[in-house]
There are 2 protein chains.
Amino acid sequence: MKRKVTLKQIARELDVSISTVSKALRNSPEISDDTIQKVQAFAKLYNYRPNNIALSLKNRKTNTIGILIPEIVHHFFSKVIRGVELVANKRGYNVIIGLSNESFAKEVINMEMLANGSIDGFILSISKETQQLQDYHHFNETMSQGMPIVMFDRVVPDIKCDKVIVDDFNGAKHAVEKLIENKCKSIALITTKDYVSVGKLRTQGYLDALEESKITPQAELILKIDDNLDYEVHLEKLEAEIEQLFKSNKKIDGVFAVNELYAVSAMKVARKLGLNIPNDIQVIGFTDGVLSKHATPSLTTVSQHAQQMGEKAADLLIDKLESENEDEDESYHTVVIPTELIERKSTK
Amino acid sequence: MKRKVTLKQIARELDVSISTVSKALRNSPEISDDTIQKVQAFAKLYNYRPNNIALSLKNRKTNTIGILIPEIVHHFFSKVIRGVELVANKRGYNVIIGLSNESFAKEVINMEMLANGSIDGFILSISKETQQLQDYHHFNETMSQGMPIVMFDRVVPDIKCDKVIVDDFNGAKHAVEKLIENKCKSIALITTKDYVSVGKLRTQGYLDALEESKITPQAELILKIDDNLDYEVHLEKLEAEIEQLFKSNKKIDGVFAVNELYAVSAMKVARKLGLNIPNDIQVIGFTDGVLSKHATPSLTTVSQHAQQMGEKAADLLIDKLESENEDEDESYHTVVIPTELIERKSTK
DNA sequence: TGGCCTAACGCAAACGTTTTCGTGTTTATA
DNA sequence: TATAAACACGAAAACGTTTGCGTTAGGCCA
């Protein structure tokens, strides 16, 4: 089991100094052609590759960016990662991933681990627990140490950093407007508790769309799900709540749900109650994941362009990283990614 | 914008040497209590954290493990990552992710990038293109440089390394046996081209189950999909092929598909053709992802316990990393994760 | 008072690079 | 022939740690 070959070993074998080897490999004019040939041949033979860790230490730059997300088993986050990876690799950066599992403590620990030299900057979406606690000291500390942060999707408005967000408000609003256009008279909303920032914004979009059409929102048509439950497990509970909603409001003919799962569950319950989609009830969801595409009927949904978000976030971060030396650009951008209503079979 | 505080800075401020600071922080008996107090107080005040990069360089150990997978927007791989992350963090390791996007070239490049000091070992699943080309030099080179590799799911049998695999053969076999038990007489198989190792194994399981029940496999009941197509885009093509299968074999009363998507698509096509599931046709898929759970009807499927695979892979790798010093344990393990048939509404 | 022990600390090397600044040798020029 | 310039290379510092060992000073004992 050989170790990786280093400059020092090459130098010893060829009886030259380390610096000569280093220069020869980079084709320095200081070094004679003879030596360059010799060194490069030897390096190729032994498959020499510079040690990234040593380079990072010397350059005080890791060329690695850290992604910190609440959960990876989610189409949305996976796609964001994909976008980040795409442009990061294109621009010569690696990607390292931390998972908070929606926990504040894990978010803090993960940040500290990565912040101590492992990465040059963060791309993150904050955990639900952090949103509840509203404790953002770790973000501020990290940034005060000169490490840039780009937040996406679930952001904290007060924190000064670059942000990439979905136009949750208008995405929701347009979806509900679509339902209204399609003659829905009694439109239910299935959303999360208010502390989830995106849920709140989508709820506001729903309300705004109703108001603009002079429809008075009715509290009993709004179902707020406790999103702390792991719905992989508590699927029945979710469905029971939706069933209750439908049963006590028989006139519901449209549903807007703030995520895929709620929408698909609503369709399932509706079908169980003997309702036809889209004839009796039309349904629109949020997030264009696999569920929407392959549900029966396929689900009309608000697409967030997750991959594009990831790409944009990575570009913002790398721009900041690479500008830092030249000009101390202390301005922060918030990029809003427009949503798109993808019409499928769950609406008329 | 402050930089991160280093030992050197603390030393300068407190007018002691760097080594004294280092020792004081680690409570060395060499250092007087007074100095220890002073240094630790100062370090706490300025939130000192040792620089991981410097530690990695010094210790020749990064405490980071690299995951290299073909695709992240997949429930299966996401869950594996989750498992790896879980035990890695528990055992003091970070996780860094590389995506090959099913491309051989990207797999090689990503490996080289990570292998040069960034990580201590690999957990990977090989790309489809690599499986086709059967070019495994990068794995062998990496291992010959003393970097351990654990392969999971899509493995290369010839390569000497730890492996974590799904019992694809028996998983498929049991699924088909279930269909036979349920009185299916004409069972179709929807699978991939043979170069995909797992597809091949599942196909063999299908054939074996048939033979054991004295049923002669019929070539026209086996549909081999070209898995190179991105089925996010080529969904219609997939469905058209399945429709063709059903139309030319009207007696089909059971379907075993080697993944979720094929199974769900089969159900969709069947329904379109006016067939009832599970009364006219029973369907079983592979991989317990979101699609299976939320399909209508919910899909009976072979669960691979992806998260458990990730956990096991991480344990194997870290065990190897941490044993390496003591005894040169050159034995390799192959862990087979048993599958589980999760019965839902698509079978009787 | 001389010698020794111990407490408390600093020096320097090492990890693997890159790069600046010498230094020695050869060649060309006056 | 003496001197300058060109050439080819090496030494050393730096990035931030840890650690074995050397060093200093004081105290103690005989």
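Lettering follows sequence order; numbering is per chain, from 1.
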Has the side chain of B/Ser19 got a donor or acceptor that lies under 3.5 Å from a partner of the other kind on the base of C/dC11?
-> yes

Return yes if the base of C/dT20 and the side-chain atoms of A/Lys23 contain a donor-acceptor N/O pair under 3.5 Å, otherwise no.
->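 Check passes, donor-acceptor contact within cut-off.
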
Any side-chain heavy atom of A/Asn89 within less than 4.5 Å of one from B/Lys106?
-> yes

Separation of [N] [atom2] from [X] [atom1] (nearest whole Å):
| X | N | atom1 | atom2 | value |
| --- | --- | --- | --- | --- |
| A/Ile10 | C/dG16 | CD1 | P | 12 Å |
| A/Arg60 | D/dT17 | CZ | P | 11 Å |
| B/Asp15 | C/dC9 | CG | C1' | 12 Å |
| A/Lys38 | D/dA8 | NZ | C1' | 12 Å |
| A/Ile18 | D/dA14 | CD1 | P | 17 Å |
| A/Ile36 | D/dC9 | CD1 | C1' | 12 Å |
| A/Ile31 | C/dT20 | CD1 | P | 14 Å |
| A/Ile53 | D/dT17 | CD1 | C1' | 13 Å |

Do any side-chain nitrogens or oxygens of [X] fall under 4.0 Å of OP1 or OP2 in [N]?
| X | N | value |
| --- | --- | --- |
| B/Thr6 | D/dG16 | no |
| B/Arg26 | D/dT19 | yes |
| A/Thr20 | D/dC9 | no |
| B/Lys58 | C/dA13 | no |
| A/Ser22 | C/dT18 | yes |

Aromatic ring pairing A/Tyr136/A/Phe139, orientation class (parallel under 30°, perpendicular over 60°, tilted between) |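 A/Tyr136 vs A/Phe139 ring planes: parallel.
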
With a non-hydrogen cut-off below 4.0 angstrom, is A/Leu7 in contact with a base, only sugar-phosphate, or nothing?
-> base

Which part of the nucleic acid, if any, lies within contact of B/Thr35, taking any heavy atom under 4.0 Å across all strands shown: a base, the sugar-phosphate backbone alone, or nothing?
-> sugar-phosphate

Nearest-nucleotide 5' precedence on DNA chain C, A/Leu57 against B/Glu30 | B/Glu30

So which one's nearest nucleotide on DNA chain C is more toward 5', B/Ala54 or B/Ser32?
-> B/Ser32

Test side chain to side chain contact (heavy atoms under 4.5 Å, CB included) applied to A/Val156 and A/Met151, A/Gln131, A/Gln134, the passing residue = A/Met151

Among B/Glu129, B/Glu107, B/Lys128, the one residue meeting side chain to side chain contact (heavy atoms under 4.5 Å, CB included) with B/Ser100 | B/Glu107

Do A/His305 and A/Phe76 have ring centroids that are under 6.0 Å from one another?
->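 No: the rings miss the under 6.0 Å criterion.
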
